[in-house]
Colleague: 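Below you'll find the structure I mean.
This chain uses plain numbering: 1 for the first residue, then up along the sequence. All values below come from the heavy atoms of this structure, side chains included, with hydrogens, waters and symmetry mates left out.
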Amino acid sequence: MTDPVNNPDYSGQYAPGQSYQHPFPAAQPPALVPAHYGTAQPPAAMGLLFKERNPIMTWLVFPIITLGIYVYVWYYKIHKEMAEFDRRRQAPVAGPVLVLFFLGWTVIAPLVSFYNTGQRIQNAQRASGLQPTCSPILSCLLTFVFGLNILYMQSELNKIVDRYPGAPEGAQVPLYV
């Protein structure tokens with residue numbers, strides 16, 4: 001390839017047979033929605049991609065190390081990321097964490113919060129062009145089985161990240177619904 005710095009004849013064009021390669025090809029909006037999701041249409045909006053987290057570390061290791069504080073941090077972070085992912089929807093960020101922190105003793109309020117979070121994850125999956133697989137009811141029920149709802153919700157969020165292979169955290173990605 002021609003060296004643009006030392007060659008005065010360099011015109012800024014690529015050598016024959018070469019084309020521009022975007023640094024994050026998966027971050028570019030694809031031309032079509034996946035075939036299993038209906039008719040082909042261009043993206044409806046753009047959003048910022050979540051951080052992919054290890055579900056086991058999120059569910060078991062970090063909460064043990066931090067004596068349970070990480071659960072609140074994680075819950076805040078996923079709500080913030082969901083709000084940035086699809087800005088077309090109004091999504092609370094601090095409210096769900098405050099419900100867990102101040103109303104956790106009521107049992108009903110956290111279950112409602114986990115149910116609503118499951119619905120938000122479903123909406124995020126739908127917006128990314130995936131079939132929604134997150135069950136809000138299962139998220140509530142898994143709360144009573146060793147707190148497995150955290151593992152479940154993080155696994156469902158990771159499906160959205162896997163939908164955009166190669167895109168780094170915070171990259172703009174296409175949304176469809």
Side-chain angles (χ1 to χ4, degrees), residues 24 26-30 33-34 36-38 41-63 66 68-104 108-143 145 147-177:
F24 305 114
Q28 293 176 343
V33 176
H36 71 277
Y37 200 72
Q41 59 185 353
M46 298 295 281
L48 300 180
L49 189 59
F50 303 139
K51 177 179 182 178
E52 185 169 18
R53 294 178 177 87
N54 182 329
I56 301 291
M57 298 292 281
T58 302
W59 166 64
L60 188 64
V61 178
F62 292 147
T66 63
I69 295 172
Y70 183 74
V71 172
Y72 298 106
V73 172
W74 170 80
Y75 208 56
Y76 173 80
K77 284 182 177 184
I78 66 164
H79 281 85
K80 182 178 179 203
E81 290 170 358
M82 282 192 282
E84 292 173 348
F85 179 69
D86 192 355
R87 294 184 181 167
R88 299 170 297 172
R89 298 184 183 274
Q90 292 287 51
V93 176
V97 177
L98 295 174
V99 166
L100 289 186
F101 192 73
F102 291 115
L103 297 174
I108 299 299
L111 289 177
V112 170
S113 181
F114 291 142
Y115 183 86
N116 290 338
T117 300
Q119 286 185 323
R120 287 185 199 102
I121 294 171
Q122 270 187 341
N123 290 335
Q125 288 175 334
R126 196 173 291 114
S128 70
L130 296 172
Q131 285 293 105
T133 58
C134 184
S135 169
I137 294 173
L138 185 58
S139 178
C140 290
L141 294 176
L142 287 174
T143 302
V145 184
L148 284 173
N149 64 326
I150 294 171
L151 179 102
Y152 176 69
M153 287 190 281
Q154 187 58 57
S155 298
E156 292 296 323
L157 287 169
N158 285 348
K159 290 178 184 179
I160 298 169
V161 176
D162 294 340
R163 163 73 172 85
Y164 304 101
E169 171 191 351
Q172 288 222 340
V173 293
L175 305 177
Y176 296 102
V177 177

Colleague: Hey, does the side chain of Gln119 reach the backbone of Pro136 with a donor-acceptor pair shorter than 3.5 angstrom?
Modeller: no

Colleague: Would you find a donor on one side and an acceptor on the other, under 3.5 Å apart, between the side chain of Tyr152 and the backbone of Ser135?
Modeller: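 Yes; at least one donor-acceptor contact below 3.5 Å.
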
Colleague: What are the two closest non-hydrogen atoms of Phe85 and Ala124, and how far apart are they?
Modeller: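 It is CE2-O, 3.5 Å.
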
Colleague: Taking all non-hydrogen atoms of both residues into account, name the closest pair between Leu48 and Gly170 and its distance.
Modeller: CD2-O, 3.3 Å

Colleague: Between atom CG of Leu103 and atom CD1 of Ile108, what is the distance when rounded to the nearest 0.5 Å?
Modeller: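 Here the rounded value is 11.5 Å.
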
Colleague: Hey, what do you get for CD1 (Ile150) to OG (Ser155), rounding to the nearest 0.5 Å?
Modeller: 11.5 Å

Colleague: Taking the six-membered ring for Trp and the full ring for Phe, Tyr or His, determine whether the centres of Phe50 and Tyr164 are under 6.0 Å apart.
Modeller: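 Between Phe50 and Tyr164, the centre distance exceeds or equals 6.0 Å.
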
Colleague: Is there any side-chain hydrogen bond (donor to acceptor under 3.5 Å, both in side chains) pair reaching into residues 81-98, and which pairs are they, with sequence neighbours excluded?
Modeller: Arg53-Glu81, Asp86-Arg88

Colleague: What pair of heavy atoms forms the shortest contact from Thr117 to Met82, and how long is it?
Modeller: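 Taking every non-hydrogen atom into account, CG2-CE, 4.1 Å.
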
Colleague: Between the side chain of Gln122 and the main-chain N/O of Cys134, is any donor-acceptor distance below 3.5 Å?
Modeller: yes

Colleague: Rounded at 0.5 Å granularity, tell me how far CG in Leu175 sits from CG in Asn123.
Modeller: 12.0 Å

Colleague: Answer yes or no: does atom NZ of Lys80 have more than 12 heavy-atom neighbours from other residues, nucleotides or ligands under 6.0 Å?
Modeller: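 Counting other residues, nucleotides and ligands, NZ of Lys80 stays at 12 neighbours or fewer.
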
Colleague: Quick one: does Ser113's side chain have a donor or acceptor within less than 3.5 Å of a partner on Ala109's backbone?
Modeller: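 Answer holds: no.
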
Colleague: Say you draw a straight line from CG of Leu130 to OH of Tyr176; how long is it, rounded to the nearest 0.5 Å?
Modeller: 10.5 Å

Colleague: Might you point out which heavy atoms bring Cys140 and Leu111 nearest each other, and give the distance in Å?
Modeller: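 What the structure gives for the nearest pair is SG-O, 3.2 Å.
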
Colleague: How long is the gap from CD on Gln154 to CD1 on Ile78, to the nearest 0.5 Å?
Modeller: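 Here the interatomic distance stands at 7.0 Å.
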
Colleague: Pro132 and Gln125: which non-hydrogen atoms are nearest, and at how many Å?
Modeller: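 In this case the closest contact between Pro132 and Gln125 is CA-OE1, 3.3 Å.
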
